[in-house]
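Residue numbering restarts at 1 for every chain, and letters A, B, ... go by the order of the sequence lines.
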2 protein chains.
Amino acid sequence: MTSSSALPARPPALRATPRGRAKAAIREESEQQILKAAESVFAEQGFKGATTAVIAARAGVPKANLHYYFPTKDDLYRRVIEDVCDSWLSRTGAFSATDDPAVALTRYIYAKMDLSRSRPDGSRVWANEMIRGARVTSDYISDTVRRWLRDREAAIRQWIDSGQIAPVDPRTLMFMIWASTQHFADFASQIRLLNDGTDYTDAAFTRQKRHVAEILLRGVGLSVPDSVDATTGASSAFLP
Amino acid sequence: MTSSSALPARPPALRATPRGRAKAAIREESEQQILKAAESVFAEQGFKGATTAVIAARAGVPKANLHYYFPTKDDLYRRVIEDVCDSWLSRTGAFSATDDPAVALTRYIYAKMDLSRSRPDGSRVWANEMIRGARVTSDYISDTVRRWLRDREAAIRQWIDSGQIAPVDPRTLMFMIWASTQHFADFASQIRLLNDGTDYTDAAFTRQKRHVAEILLRGVGLSVPDSVDATTGASSAFLP
DNA sequence: GGCAATCTCGACCAAACGGTCAAGATACAA
DNA sequence: TTGTATCTTGACCGTTTGGTCGAGATTGCC
């Protein structure tokens with residue numbers, strides 16, 4: 001999935017793709033280094049607190065070089081948000097009314113938990129952007145996310161109408177899944193302090209994924225199916 | 001509750017209480033105006049993004065006056081966080097093993113939802129502080145919050161042992177309650193965009209409280225008792 | 001009233017910041 | 001090889017920022 005699909009309002013690139021193959025590779029690598037550094041600094045310091053000098057230092061490039069690839073701090077910030085959106089859309093599968101609700105919801109919850117663990121800074125940048133009022137992402141939310149949510153709600157409503165799950169407010173269910181899963185990224189420092197100052201091991205986090213899924217699944221009248229593997233988030237249902 | 005109970009590590013006030021009665025009132029009023037303005041600006045802009053000039057302007061005082069009452073921006077920030085902690089401790093009741101779990105959990109969820117609605121900026125400042133790594137609040141979390149959480153977990157565990165609720169991970173349950181309720185403050189702009197750009201009415205928010213409580217209560221094998229009034233968060237149980 | 005403590009506030013400052021620039025280095029097509 | 005597009009980088013600049021200062025206004029106690 002290309003990044004342009006995530007934020008439709010993205011301004012066009014100021015520079016065309018460089019001619020040579022090596023130049024293109026240099027550009028790609030520099031941009032990725034800067035974007036990776038920017039994601040962590042924006043997550044730690046917020047938009048205003050993040051300085052281009054610190055981002056450049058963390059990326060291992062001079063500040064002027066950062067501004068060569070991303071003319072303004074705002075451009076860089078938008079690209080970071082874009083990449084997070086891309087990641088969420090491409091790495092979190094959707095679900096539909098024809099899916100088994102227990103399997104579908106469990107897979108979705110596991111996938112969102114996995115994203116919180118594998119890319120916590122992305123979640124934090126997103127949370128920061130929401131707290132600040134969704135200035136950069138309002139179009140994306142009003143269009144892409146809203147459509148995506150409408151389709152999920154329709155699936156949940158059909159599950160309710162066919163008696164497969166308990167009657168819950170579909171939108172509230174989705175909000176609670178988002179809130180509960182992203183909590184483990186956004187509030188990681190709080191959780192760490194409450195967990196004796198230690199981070200989750202992989203095994204503990206796998207258990208945590210299951211605990212979250214158990215409460216949410218029971219909350220809609222289901223239970224977590226054994227067929228969904230918590231260690232990867234992948235489902236073995238319908239496989240031999 | 002005094003603010004000193006919230007953050008034990010709070011540095012002592014640099015100035016003693018003023019002598020006269022009018023002077024003390026002036027001081028109190030000025031500090032409250034500045035704190036109120038600071039809470040909203042810190043919520044909207046983050047720590048670094050908030051400027052003392054903007055806070056002073058919103059409070060209706062000259063910038064030099066702000067620095068007279070709060071010598072540094074960091075002092076002001078700590079006081080804002082302190083006040084939020086105070087509010088959470090004093091306005092959110094606790095619960096214990098002898099309470100009826102359905103009533104106790106519902107009341108707690110309603111109380112936290114009410115706080116998200118009545119003081120969303122406080123929740124956002126807290127969220128920002130957690131995302132930034134809990135620099136100012138680490139002692140408070142490690143001491144006060146951890147003890148508070150330990151006692152709630154003990155109550156939940158007793159409810160489980162006595163068969164009153166389903167076997168869930170107590171800490172995960174508390175995390176999910178926090179995440180789900182605070183989500184309505186921290187992600188208000190996202191929710192607004194998904195709800196056709198309109199904010200919740202009071203009636204809609206009351207319904208929202210109930211939807212959240214329904215899923216969480218069913219998630220531990222209970223249902224929301226009719227005895228708890230969602231419009232205020234108060235419980236009429238055990239009253240005539 | 002007199003005097004000390006407290007409060008108000010415009011003007012000011014050093015540091016930090018986002019962004020620019022120009023000059024040189026590198027890679028590629030011809 | 002030569003010319004051009006791309007990349008690299010230290011030095012630089014105007015603005016913004018947290019914080020200071022000092023002079024004047026207000027209040028409270030004797």
Starting from [atom2] on [N], measure out to [atom1] on [X] and report it in whole angstrom.
| X | N | atom1 | atom2 | result |
| --- | --- | --- | --- | --- |
| A:His67 | C:dC17 | NE2 | P | 12 Å |
| B:Lys48 | C:dA16 | NZ | P | 9 Å |
| B:Ile34 | C:dC9 | CD1 | P | 11 Å |
| B:Gln33 | C:dC7 | CD | P | 14 Å |
| B:Phe70 | C:dC7 | CZ | P | 12 Å |
| B:Asn65 | C:dT8 | CG | P | 5 Å |
| B:Asp74 | D:dG18 | CG | P | 12 Å |
| B:Glu29 | D:dT27 | CD | P | 13 Å |

Under 4.0 Å between a Lys/Arg side-chain N and an Asp/Glu carboxylate O for B:Asp114 and B:Lys209?
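So B:Asp114 pairs with B:Lys209 through a salt bridge.
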
Choosing from D:dT8, C:dC17, D:dG19, which nucleotide comes nearest the side chain of A:Thr51?
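The nucleotide sitting nearest to the side chain is C:dC17.
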
Give A:Ala56 one of three labels, base, sugar-phosphate or nothing, depending on what nucleic acid heavy atoms sit under 4.0 Å from its own.
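The answer is nothing, as A:Ala56 stays clear of every strand by at least 4.0 Å.
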
Reference residue A:Glu153; test salt bridge (charged side-chain N to carboxylate O under 4.0 Å, His left out); the match among A:Arg171, A:Arg146, A:Arg147:
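So, applying the salt bridge (charged side-chain N to carboxylate O under 4.0 Å, His left out) to A:Glu153 and each of A:Arg171, A:Arg146, A:Arg147, only A:Arg171 qualifies.
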
Please state whether the phosphate of [N], meaning OP1 or OP2, lies under 4.0 angstrom from any side-chain nitrogen or oxygen of [X].
| X | N | answer |
| --- | --- | --- |
| A:Arg27 | D:dT6 | no |
| B:Tyr69 | C:dT8 | yes |
| B:Tyr68 | D:dC21 | no |

Is the B:Tyr140-B:Trp88 ring centre distance short of 6.0 angstrom?
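So the answer is no for these two rings.
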
Can you find a side-chain donor-acceptor pair between B:Ser142 and B:Asp139 that sits under 3.5 Å?
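No, no side-chain donor-acceptor contact under 3.5 Å.
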
Side-chain donor/acceptor of A:Lys63 to base of C:dG18, under 3.5 Å:
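Present.
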
Which comes earlier along DNA chain D counting from the 5' end, the contact point of A:Pro62 or that of B:Ala64, where each point is its nearest nucleotide?
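Result: A:Pro62.
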
How do A:Thr72 and B:Ser30 order along DNA chain C: which one's closest nucleotide is nearer the 5' end?
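By nearest-heavy-atom nucleotide position, the 5'-most residue is B:Ser30.
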
Are the side chains of A:Glu129 and A:Phe47 in contact, using a 4.5 Å heavy-atom criterion?
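In short, these two side chains do not touch, never coming nearer than 4.5 Å.
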
